Amino acid sequence: MVRLETAIFDPWSTLRDFEQTHDMGDGRSGAAAVFVGTMRDFNAGDGVRRLFLEHYPGMTERELERIADEAVERWPVNACLIVHRVGLIVPGEPIVLTAAWSAHRNAGFDACRHLIEALKHRAPFWKREDLANGEQRWVSENTPA
Amino acid sequence: MVRLETAIFDPWSTLRDFEQTHDMGDGRSGAAAVFVGTMRDFNAGDGVRRLFLEHYPGMTERELERIADEAVERWPVNACLIVHRVGLIVPGEPIVLTAAWSAHRNAGFDACRHLIEALKHRAPFWKREDLANGEQRWVSENTPA
Amino acid sequence: MSITIRYFASLREQIGRGEDRLDAAGIATVDAAWQHLHGTPLPARVLAAVNQEYVGAEHVLTDGDEVAFFPPVTGG
Amino acid sequence: MSITIRYFASLREQIGRGEDRLDAAGIATVDAAWQHLHGTPLPARVLAAVNQEYVGAEHVLTDGDEVAFFPPVTGG
């Protein structure tokens with residue numbers, strides 16, 4: 001499942017809710033691998049006060065769905081979850097959550113890592129930063145892994 | 001931090017509580033990588049009704065501490081968490097939670113994976129299964145990755 | 001032939017608008033659409049999507065297509 | 001020299017008790033302690049710890065040590 005969030009979300013209660021409301025494979029999922037990306041208060045050496053996350057409504061959701069489908073095709077995973085924030089956010093707030101449930105841990109880790117790597121390379125999101133010094137700038141490329 | 005749990009625990013609220021009560025590096029942690037292992041209802045082809053998790057009080061905690069310390073030494077992580085269940089558990093209950101917080105995602109993933117791999121290879125825990133057919137057996141080696 | 005062109009993020013700000021419309025039967029490809037509107041070949045750093053799927057500059061356009069141009073993505 | 005020996009999991013069940021005590025000044029190593037109690041060299045599949053740290057079979061014992069023997073670990 002993929003979801004865009006326009007307001008702050010708690011990744012941990014999102015994960016609990018997802019597990020309680022989705023089929024994790026009837027006792028077949030022994031492993032959950034999760035990544036949570038949170039807004040830091042610095043980037044490229046500068047203090048950042050606020051972030052605006054733009055997206056391409058429609059294409060963003062479709063690209064996230066494709067990424068989740070790929071993970072399910074490539075690894076024996078029973079479920080995938082991608083949640084991504086859009087709009088204005090401040091340091092400390094979660095930006096992204098990716099998770100994969102599987103019978104064994106390697107498939108879960110590999111699928112979860114694929115979700116976040118593919119998202120960072122392909123999903124149409126763009127970050128604009130409000131710096132501590134008052135300037136505004138678009139992030140020109142993604143952060144190092 | 002490492003902790004043994006004698007009763008069922010919710011990994012997701014454990015993570016939220018840990019984040020709220022521990023120093024994650026003052027805005028320096030942009031990434032959290034998490035692994036949760038849950039008891040499955042089968043193992044080695046057999047249905048499993050119940051699991052008894054034995055440990056070596058004292059050494060188990062020390063070995064988990066060593067594993068967490070190693071992760072902090074080898075990767076730029078700001079915090080690590082290991083939680084492991086002991087005693088009697090039933091399918092669907094979480095057995096283990098490992099988590100690593102870092103500025104960038106690769107360090108978090110690598111450290112989190114180290115935590116669970118090292119735990120499975122070195123931490124003194126032993127599983128005894130109550131099978132669906134009424135037999136009881138000790139798990140002789142760890143599950144495939 | 002009617003094509004909707006959309007711009008995102010820094011590219012939208014540089015161009016000064018979020019959308020263009022083309023009614024140009026002679027425009028065959030994504031690159032040709034960009035050339036027609038902006039007078040240069042599609043810059044290497046500008047990504048293109050047609051109907052919400054990534055395409056290359058030589059992708060052939062069809063009546064009613066939604067074409068999007070945007071800078072490298074920076075989500076996650 | 002007084003040494004506490006502890007057994008865990010399937011090994012404890014096979015041996016039929018969780019603990020032994022050795023008061024044997026002539027016992028130098030972990031392997032010698034096992035030999036003294038069980039009449040064989042330490043089996044390859046049995047792991048050993050002294051004072052709650054993994055050690056090899058040739059680890060030298062000291063008065064008051066806690067020695068533990070156990071099967072391969074299966075946590076996580």
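As the structure is a prediction and not an experimental result, all values here were calculated from the model.
Across F125(B), Y56(B), F35(B), the residue that shares the most heavy-atom pairs under 4.5 angstrom with chain D is Y56(B).
Within a 6.0 Å radius of NE2 in H22(B), other residues, nucleotides and ligands contribute more than 12 heavy atoms.
The backbone N or O of G75(D) sits nowhere less than 3.5 Å from a side-chain atom of H84(B) that would complete a donor-acceptor pair. K127(B) contributes no side-chain N or O that, together with a main-chain N or O of V73(D), makes up a donor-acceptor pair within less than 3.5 Å.
Here the side chains of E63(B) and Y54(D) are in contact, with some heavy-atom distance below 4.5 Å. At a threshold of 4.5 Å between non-hydrogen side-chain atoms, the residues R128(B) and E13(D) count as touching. Under the 4.5 Å side-chain criterion, counting only non-hydrogen atoms from C-beta, E53(D) is not in contact with M59(B). With contacts defined as side-chain heavy-atom distances shorter than 4.5 Å, the pair W126(B)/T74(D) qualifies.
Of all non-hydrogen atoms in N51(D) and R62(B), the two that sit nearest each other are O-NH1, 3.4 Å. The nearest pair of heavy atoms linking S140(B) to P72(D) is O-CB, 4.0 Å.
Contact annotation for R122(B): both backbone and side-chain heavy atoms come within less than 4.5 Å of a heavy atom of chain D.
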